[in-house]
Amino acid sequence: MTITIKALAADERGSCPEELSFGAVFSDHMFTQEYTKGTGWQNAEIAPFHNIVLNPAAPVLHYGQEIFEGLKAYRRADGGVNLFRPEENFKRFNRSAERMSMPAVDEDFHLDVLKQWVSIDQNWVPSVSESSFYIRPAMIATGAKLGLSAADSYLHFIIGGPVGPYFSEGFNPVSVYVSDTCRRAVVGGIGEAKTGGNYAASLHLSEEVAKQGYTQVLWLDAIEGRYVEEVGAMNIFFVYEGKTLVTPELSGSILAGITRDSVLKLAPTLGFDVREERLDINEVLADIESGKITEVFGCGTAAVISPVGKLCLKGKEYIVNNFESGPVSTSLYDELTGIQYGTREDKFGWVVSL
Ligand SMILES: *Cc1c(COP(=O)(O)O)cnc(C)c1O
């Protein structure tokens, strides 16, 4: 499929601001393509960033038929740009699409589009340390249909912009509230899909506990309220005795993070053992208290590795590693970001350089 390119002239383009927050500033261009039942995908276009027009009866606005992805482009020291495992994001996009009864996007085409668009907007990929260019592909159900069934038309778009560290804490420990009331996702539901409803459902408690100083909510399984699932929109790891990394096994309600997968593959090359298993929150908290668990960290594209310094369940606080970033989190953070920015060897062939 051909891509129509309507690029701005050099003197019409903006530039990367010096102060970077997360997800508030967007680059000059965006990608869009439209799908109609019967015709398939068409009108692929890279054009100046613009608002989208929707019929008020568009299914995305009423029934939440939508999916998204999140990946980053990183500025290398030699001025080039790296993408990190982008094909994994496009595979997951299609898995989410299937779960939400939406059409698949050709994965090779998706990568091709991404490369072309990032090349056009590459002056927006910041070079300040710990900054990157956050990329947000999404698909929404369009058209006009209030009857409840899968939509007949869709819009797929990609936007992006320069970002600084995800948490204002940077690579410093965050405080986590363990929810004993709200649940994020249930097996058989849509927790495995990157779809808006999961995040809308998480806001209520997240907002509530933010007032008490908790940056993230740790979600337990929805059936027994006992097994650890995820922390915020990140996967979670527990480090036992400075040596063994344990993360909840993919249960059907956990989002399969690409950072999670990368940690599972990288950790053994750094001398750590890894395990995926069901983790009972009561055992985890007891092991934090006894000091058997030496570190806890969340991981995801946005924050990379985010040390957890404190967990709170039912009013009781459990401090991890004196509320400091530990050596295992630090070495994983250094190794992962080193590969992403091209300063460390990419043994697994994860980087796609532009
Ligand atoms: C995106 C996401 C993650 C992390 O996935 P990555 O591919 O590592 O960025 C984890 N949990 C949830 C709920 C997510 O939405």
Side-chain angles (χ1 to χ4, degrees), residues 22-23 64 66-74 83-97 99-100 107 110 114 132-139 158 160 163 165-167 174 176 179 182-187 189-203 205-206 215-222 227-237 245 247-267 274 276 279 296-306 308 329 332-333 335-337 339-340 348 350-352:
F22 194 93
E66 85 94 41
I67 57 169
F68 67 96
E69 263 307 323
L71 67 161
K72 283 172 167 176
Y74 306 86
L83 299 171
F84 184 72
R85 308 186 74 183
E87 60 291 338
E88 295 300 320
N89 291 92
F90 301 144
K91 280 189 210 156
R92 188 170 65 192
F93 194 70
N94 280 343
R95 291 202 305 272
S96 299
R99 179 65 183 85
M100 301 305 288
E107 286 161 24
H110 207 158
L114 185 74
S132 54
F133 182 79
Y134 185 77
I135 299 165
R136 171 54 59 90
M139 194 199 303
I158 309 178
V163 298
Y166 186 68
F167 294 119
V174 295
V176 164
S179 172
C182 278
R183 305 291 176 222
R184 189 191 88 93
V186 66
V187 178
I190 54 174
E192 272 185 324
K194 236 173 155 66
T195 182
N198 291 327
Y199 307 85
S202 76
L203 295 177
L205 185 65
S206 307
T215 323
Q216 296 285 297
V217 172
L218 186 146
W219 305 103
L220 299 174
D221 80 280
Y227 298 104
V228 176
E229 298 238 300
E230 302 201 51
V231 56
M234 293 185 290
N235 296 112
I236 189 162
F237 277 85
L245 277 64
T247 192
E249 62 187 17
L250 297 177
S251 59
S253 47
I254 292 177
L255 197 284
I258 295 158
T259 319
R260 174 187 181 278
D261 184 69
S262 305
V263 168
L264 286 172
K265 293 191 163 90
L266 267 185
V274 292
E276 295 169 79
L279 282 163
V296 180
F297 63 87
C299 67
T301 298
V304 195
I305 301 282
S306 178
V308 172
S329 319
L332 281 163
Y333 178 84
E335 184 73 9
L336 253 181
T337 53
I339 295 170
Q340 290 165 338
F348 292 95
W350 284 337
V351 167
V352 173

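Just so you know, ligand 1 is whichever comes first in the structure, and atom 1 is the first atom listed for that ligand. One is the number of the first residue; the rest follow in order along the sequence.
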Check ligand 1 against the protein and report each N/O to N/O distance under 3.5 Å, formatted as atom name, atom name, distance.
residue	atom	partner	partner atom	Å
ligand 1	7 (O)	Arg92	NH1	2.8
ligand 1	7 (O)	Arg92	NH2	3.1
ligand 1	7 (O)	Ile258	N	2.8
ligand 1	8 (O)	Ile258	N	3.2
ligand 1	8 (O)	Thr259	N	2.9
ligand 1	8 (O)	Thr259	OG1	2.6
ligand 1	9 (O)	Thr301	N	2.9
ligand 1	9 (O)	Thr301	OG1	2.6
ligand 1	11 (N)	Glu230	OE1	2.5
ligand 1	11 (N)	Ala233	O	3.4
ligand 1	15 (O)	Lys194	NZ	2.7
ligand 1	15 (O)	Tyr199	OH	2.4

Which residues pass the side chain to side chain donor-acceptor pair (under 3.5 Å) test with Glu249, sequence neighbours left out?
none
With sequence neighbours left out, the residues meeting side-chain contact (heavy atoms from CB on, under 4.5 Å) with Ser251 are Glu229, Ser253, Ile254
Could you tell me how the ring of Trp350 sits relative to the ring of Phe84: parallel (under 30°), tilted (30 to 60°) or perpendicular (over 60°)?
perpendicular
If only side-chain N and O atoms count, and only distance matters, is there a donor-acceptor pair under 3.5 Å linking Thr195 with Arg99?
no
Can you check salt bridge (Lys or Arg N to Asp or Glu O under 4.0 Å) on Glu276 and Arg260, steps first, answer last?
CA-CA 11 Å; Glu276 295 169 79; Arg260 174 187 181 278; 2.8 Å; yes
Holding to ring pair (Phe, Tyr, Trp, His ring centres under 6.0 Å), I want the full list of residues that pass it with Phe93, two or more places apart in sequence or in another chain.
His110, His156
